Amino acid sequence: MRKLLSISVISLASLFSLLSCSTAKTGSHSRNAYHIPVTHVQSENDYALDVAPDGVSYTIDISTPEGAAKLNKISLAEAEELALTEAVMKYNCAMLVNPQFTNLMNGKKVLRITVFGFPARYRARPDKTYDSNNRQQIDINVNKGSH
């Protein structure tokens with residue numbers, strides 16, 4: 001019994017010594033933090049978003065064969081997404097600002113979906129253009145008058 005007790009004490013002691021001397025290290029070290037370069041991110045948009053003052057609307061209706069094919073077996077959310085996508089394509093704009101949807105349903109079936117919004121298009125800012133050969137920014141102020 002005494003021999004069994006001494007073996008278990010030796011096993012526990014060796015187990016504790018192995019656990020305290022772990023060679024695997026994970027994580028980061030704070031002493032290396034000063035080696036990380038400080039970066040400054042500066043972002044400028046070279047395009048302005050022009051929103052049209054007049055709104056536009058686009059409707060998909062099952063009364064036409066094309067509309068019936070598009071609205072066949074799709075949910076209301078999918079119909080709204082489809083109408084929005086097709087309106088952007090039809091009016092050749094980047095997005096519709098403040099889109100509003102109206103629909104006509106029969107149960108879960110979408111019969112008509114209409115989207116209304118203001119078309120927005122990107123244009124280059126007149127005061128910032130880039131020289132494509134040298135990739136340098138050239139500042140142009142169109143509001144300067146000659147004296």
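Along the sequence shown, residues carry numbers from 1. Quantities reported herein were computed from a predicted structural model and do not represent experimental measurements.
- A 6.0 Å sphere centred on CZ of R121 holds more than 12 heavy atoms belonging to other residues, nucleotides or ligands.
- Put simply, CD1 on I62 and CG on N72 are 9.5 Å apart, with the number rounded to the nearest 0.5 Å.
- At a threshold of 4.5 Å between side-chain heavy atoms, the hydrophobic network of Ile, Leu, Val, Met, Phe, Trp and Tyr places F118 and M95 in one connected group.
- Looking at heavy atoms from C-beta onward, I113 lies in side-chain contact with L76 at the 4.5 angstrom threshold.
- Under the 4.5 Å side-chain heavy-atom criterion for grouping Ile, Leu, Val, Met, Phe, Trp and Tyr, V88 is not connected to F116 through any hydrophobic cluster.
- Residues that satisfy the side-chain hydrogen bond (donor to acceptor under 3.5 Å, both in side chains) test with D50, not counting sequence neighbours, are R123.
- In the hydrophobic clustering of this structure, Y91 does not group with V97; members are Ile, Leu, Val, Met, Phe, Trp, Tyr whose side-chain heavy atoms approach within less than 4.5 Å, directly or through other members.
- Under the side-chain hydrogen bond (donor to acceptor under 3.5 Å, both in side chains) criterion, T102 pairs with no residue, sequence neighbours left out.
- To the nearest 0.5 Å, atom OG of residue S75 and atom CD of residue E81 are 10.5 Å apart.
- For the atom pair CG of N106 and CG of L111, the computed distance is 5.5 Å after rounding to the nearest 0.5 Å.
- Closest of all the heavy-atom pairs between A120 and L49 is CB-CD1, 3.7 Å.
- The minimum heavy-atom distance between A87 and V115, with the atom names listed, is CB-CG1, 3.9 Å.
- The closest side-chain heavy-atom distance from L96 to V56 is below 4.5 Å.
- Separating the OG atom in S57 from the CZ atom in F101 is a distance of 12.5 Å, to the nearest 0.5 Å.
- To the nearest 0.5 angstrom, L82 atom CG is 7.5 Å from Y58 atom OH.
- Looking at heavy atoms from C-beta onward, L84 lies out of side-chain contact with E80 at the 4.5 angstrom threshold.
- Rounding to the nearest 0.5 Å places CG of L71 at 11.0 Å from CD of E78.
- Enclosure of atom CG in N98 by more than 12 non-hydrogen atoms of other residues, nucleotides or ligands within 6.0 angstrom is indicated.
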